Colleague: 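Just dropping this structure here.
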Amino acid sequence: MFMKILDRLEETLISVLMAGATLIIFVAVVHRYISTVPGIQDYTIGINLSWAQEACIFMFVWMAKFGAAYGVRTGIHVGVDVLINRLPEKTRGKFVIFGLLAGALFTGIIGTLGAGFVWDLSHTDQVSADLELPKWIVYLAIPCGSYLMCFRFLQVAWNFVHTGELPAHDHAQVEGLEETDLIADIARSANAPHHGELRR
Amino acid sequence: MNTAIIFGLLLALMLTGMPISISLGLTVLTFLFTMTQVPIEAVALKLFTGIENFEIMAIPFFILAGNFLTHGGVARRMIAFATSLVGHWHGGLGLAGVLACALFAAVSGSSPATVVAIGSIILPAMVKAGFPRNFGAGIITTSGALGILIPPSIVMVMYSVATNVSVGKLFMAGVIPGIMLAAVLGLVTWFIAWRKGYPRVKIFPDRTGGQATIGGFFGLFYAFVFTVVPVWVIGKLLGDAIGSEGAGYVLAGIVWLALAPWTTRSKMVTRVVYVALVVIGSPLALTLAMSGALTSTATLLGFFIIASVIWLVIIQACGRYTRIAPTFRFELMWESLAVWRSYWNSIWGLLLILVVMGGIYTGVFTPTEAAAMSAVYAFFVAVFVYRDMGLRDVPKVLLASANMSAMLLYIITNAVLFSFLMTHENIPQRMAEWMFAQQLSPWMFLLACNIILLAAGNFMEPSSIVLIMAPILFPVATRLGIDPIAFGIMMVVNMEVGMCHPPVGLNLYVASGITKMGITDLTVAVMPWLLSMLAFLLLITYIPIISTWLPSIAM
């Protein structure tokens with residue numbers, strides 16, 4: 001139950017951050033050009049959007065940290081597996097476990113370093129340049145994202161030991177594409193009198 | 001000594017099959033913990049500030065835009081346009097595949113995405129039309145690689161992150177090599193199809209190849225005139241009225257697009273535009289162009305009349321021969337109508353090329369802003385214009401894009417960490433010194449670069465290679481006087497080659513997923529195109545002007 005909520009939360013967070021950052025930049029660019037048009041100018045000039053760029057960067061950094069954790073779960077982080085794929089199944093399994101644990105170790109260390117760093121920052125009153133957010137809140141993405149990623153690595157390793165299955169990202173999979181009769185469609189679009197055919 | 005330890009450790013960790021980002025990060029941590037006195041907090045800070053860079057944010061935006069375009073039916077319409085134009089030549093659907101890949105590459109920044117978008121539609125169609133499976137697979141695998149050469153390109157953004165070369169200039173530089181490579185791949189396709197007698201696609205039976213070719217090109221000419229001239233004329237007039245030329249063109253373009261559904265369906269409009277723009281407009285434009293040479297009004301008038309008559313005779317002769325425009329009916333028929341309709345269907349996708357490249361080139365947007373605009377635009381087109389995708393599907397696309405971009409951003413973060421370590425140890429400088437001391441001539445260095453990069457392409461995917469190798473090779477290249485932009489394009493073409501051959505060529509795996517062909521068969525299938533690509537790589541490496549010419553005149 002808790003896992004399901006965590007999964008959903010993770011997915012929702014990164015999707016919303018992605019959409020949000022896109023919208024912010026879009027609005028900022030539109031605003032910049034609208035503000036040069038006389039008439040509309042008077043209404044928009046009062047709105048200050050100079051923080052948009054910084055907000056976008058912060059949102060994407062957060063998205064990257066939590067998305068990387070989600071990516072562990074979907075198996076999108078690829079490595080050089082040419083060599084180990086030629087090994088016997090059992091030896092390969094050991095390397096896979098080693099890789100996953102190394103991932104957990106790295107993210108664990110980074111999380112701890114980041115936590116210490118954020119802890120030190122929270123005792124200062126540093127704020128970011130445009131948004132004037134406290135810096136420690138912004139940098140909170142490092143410990144949170146890294147610990148989550150560490151947890152995901154351990155989770156995947158646990159599943160691999162027990163079921164022997166690894167999540168794998170399938171790049172070739174596209175949903176929402178159906179096979180259409182290409183040539184007939186073109187001919188129909190041109191009000192063709194006949195159906196298409198081939199000539200040798 | 002330190003250099004050997006760093007690279008040895010990195011290589012050893014990578015070969016265990018752990019994610020590349022993790023092996024980069026662990027190398028840095030191990031080194032910092034055991035051998036230097038760099039404050040460890042600096043590492044944590046770098047993990048955040050490493051990607052705290054607005055240029056990098058173009059990557060998630062371009063991925064999002066690409067996903068909307070793939071799911072939103074833009075690829076399908078581009079394929080229809082390409083097929084109606086070149087489908088009746090030898091290897092027709094194959095040529096259409098190359099052209100469609102090139103068009104899609106101009107709106108998408110990733111290679112595998114291009115293979116998926118175009119391949120999953122055109123490969124089944126090719127098998128159905130009687131082409132051997134390996135022919136289609138070879139074409140799409142290699143043409144998909146155009147995705148990172150024709151701008152926008154994620155790999156170019158990576159190169160720019162690693163070397164501080166302007167993204168806009170790199171994008172500009174990719175245009176001509178991209179078109180050239182598309183032409184090379186098309187030529188190989190045509191040649192193979194011609195030699196082996198593969199089927200030609202005929203949209204309309206009982207029309208000869210010559211008729212279809214002229215018909216298709218006339219359709220393209222009409223489409224070009226129909227799109228460009230009214231917007232140009234109205235835009236100029238509007239621009240004078242408002243006082244801002246750019247706004248005038250944009251406004252005229254929007255008005256013309258809004259009228260589109262009506263104008264393309266009405267036969268009357270087609271006929272009026274035909275007479276006004278093609279029959280009268282073309283000789284008029286020629287006359288105006290000649291007005292510098294012929295000064296007096298009388299000679300100009302005479303020139304116009306003679307040009308009009310000759311032009312009319314040509315159109316009528318072509319029209320009679322191809323039956324696209326019977327005598328003085330002035331309407332589009334057959335192939336020209338098919339090209340025209342499929343062109344107009346895909347206009348929303350094609351316009352994105354204008355938004356991205358035009359926006360960056362004129363300085364309206366920065367590359368990142370252009371990427372964000374294209375993501376919003378692609379969303380709008382997919383959901384509200386083509387309606388191939390509902391609002392319900394949007395979260396799925398967002399999640400998939402976030403997943404892919406987070407992976408790339410994570411590699412960047414760790415690569416930044418790694419290059420921080422390398423600069424701290426002065427490795428790039430020392431390597432540059434060493435190579436300089438060897439008296440390497442530029443051409444030998446370039447050859448060595450190509451070999452190293454092609455070898456690296458056997459183990460890693462492009463983003464990692466560029467992020468790891470560019471900071472090392474770039475300082476040497478600049479010291480040897482090699483143009484940074486040409487060097488970047490060379491790296492990109494190298495990456496393309498790497499994507500098309502085993503063991504890690506991602507395009508190959510994607511194509512294998514679509515065609516259900518084994519990797520070994522596919523490797524043989526891509527050979528003719530891959531070899532021509534290698535020849536093209538040599539051309540790009542040793543004739544830098546191909547890449548540097550356009551950015552030098554445009555910016």
Side-chain angles (χ1 to χ4, degrees), chain A residues 11 14-15 18-19 22 25-26 29 53 56-57 60-61 63-64 67-68 70-71 74 76-84 95-96 98-99 102-103 106 109-110 113-114 116-117 139 141-142 170-174 176-177 179-180 182-183 185-187 189-192 194 196-200, chain B residues 14-22 25-26 29 40-41 43-44 47-48 51-52 54 57 60 64 70-71 80 83-84 112 116 120-121 124-125 129-130 199-205 337-338 341-342 369 372-373 375-376 395 398-399 401-403 406-407 409-410 459-460 503 506 510 513-514:
Chain A
E11 288 166 14
I14 59 177
S15 306
M18 186 97 202
T22 315
I25 293 301
F26 176 72
V29 172
Q53 198 155 317
C56 165
I57 291 173
F60 270 151
V61 173
M63 191 272 289
Y70 173 72
T74 57
I76 204 172
H77 295 282
V78 287
V80 183
D81 50 7
V82 188
L83 204 67
I84 63 162
F95 272 109
V96 170
F98 174 72
F106 174 69
I109 294 175
I110 292 299
L113 286 178
F117 177 67
Y139 287 166
I142 304 172
D170 187 3
H171 286 276
Q173 193 193 6
V174 187
L177 291 176
E179 264 186 53
T180 48
L182 198 63
I183 299 145
D185 277 357
I186 299 167
S189 84
N191 302 329
H194 308 292
E197 69 178 38
L198 295 164
R199 183 185 70 169
R200 275 232 164 243
Chain B
M14 269 194 201
L15 288 180
T16 64
M18 69 175 68
I20 290 173
S21 41
I22 300 294
L26 271 180
L29 280 192
I40 213 77
E41 284 73 30
V43 176
L47 272 180
F48 196 95
I51 51 171
E52 214 178 357
F54 196 55
M57 300 311 160
L64 184 61
T70 310
H71 292 269
T83 308
S84 65
V116 170
S120 56
I121 299 170
R200 300 165 72 161
V201 174
K202 288 187 81 192
I203 298 163
F204 307 104
L337 188 59
R341 286 272 160 82
S342 56
E369 284 171 349
M373 296 307 269
V376 174
L398 281 173
L399 189 62
S401 316
N403 194 11
M407 185 267 286
L409 290 176
Y410 203 69
F459 302 101
M460 287 186 276
L506 199 46
V510 174
I514 299 170

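Order of the sequence lines sets the chain letters (A, B, ...), proteins ahead of strands, with each chain counted from 1. None of these values were measured; they are calculated from a predicted model.
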Colleague: Based on non-hydrogen pairs under 4.5 Å, which of Ala64(A), Gly116(A), Ala19(A), Gly67(A) is most in contact with chain B?
Modeller: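 Highest number of heavy-atom pairs under 4.5 Å: Ala64(A).
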Colleague: To the nearest 0.5 Å, what is the distance between NE2 (His77(A)) and CE (Met18(B))?
Modeller: 14.0 Å
Colleague: Phe54(B) versus chain A, heavy atoms under 4.5 Å apart: side chain, backbone, both or neither?
Modeller: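 Both backbone and side chain.
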Colleague: Find the distance between OG1 (Thr22(A)) and CE (Met57(B)) and round it off to the nearest 0.5 Å.
Modeller: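 Spacing of OG1 (Thr22(A)) from CE (Met57(B)) equals 12.0 Å.
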Colleague: Below 4.5 Å from any heavy atom of chain A, which atoms of Pro60(B) appear? Answer side chain, backbone, both or neither.
Modeller: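 It is both, since atoms from each part get that close.
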Colleague: CD1/Ile22(B) to CD1/Ile110(A) distance, rounded to the nearest 0.5 angstrom?
Modeller: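 That separation rounds to 9.0 Å.
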Colleague: For Ala68(A) and Tyr410(B), which heavy atoms make the closest approach, and how far apart are they?
Modeller: CB-CD1, 3.7 Å
Colleague: Using non-hydrogen atoms and a 4.5 Å limit, figure out which bit of Leu399(B) sits close to chain A: side chain, backbone, both or neither.
Modeller: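 The answer is both parts of Leu399(B).
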Colleague: Taking every non-hydrogen pair under 4.5 Å, which of Leu409(B), Leu29(B), Leu26(B) racks up the most with chain A?
Modeller: Leu26(B)
Colleague: Counting heavy-atom pairs under 4.5 Å with chain A, which one of Leu64(B), Thr16(B), Thr83(B), Leu15(B) comes out on top?
Modeller: Thr16(B)
Colleague: Got a sec, which residues hit side-chain hydrogen bond (donor to acceptor under 3.5 Å, both in side chains) with Ser401(B), two or more places apart in sequence or on another chain?
Modeller: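 Scan of Ser401(B) (side-chain hydrogen bond (donor to acceptor under 3.5 Å, both in side chains), adjacent residues dropped) gives Asn67(B).
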Colleague: Which of the residues Phe95(A), Phe106(A), Tyr70(A) is involved in the greatest number of heavy-atom pairs with chain B at under 4.5 angstrom?
Modeller: Phe106(A)
Colleague: Taking only residues two or more places apart in sequence, or in another chain, which ones meet Phe60(A) in a ring pair (Phe, Tyr, Trp, His ring centres under 6.0 Å)?
Modeller: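 Once residues adjacent in sequence are excluded, the partners of Phe60(A) under the ring pair (Phe, Tyr, Trp, His ring centres under 6.0 Å) criterion are Phe61(B).
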Colleague: Only pairs of heavy atoms separated by less than 4.5 Å count here; which of Gly71(A), Ser15(A), Gly99(A) has the most with chain B?
Modeller: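 Top count of heavy-atom pairs under 4.5 Å with chain B: Ser15(A).
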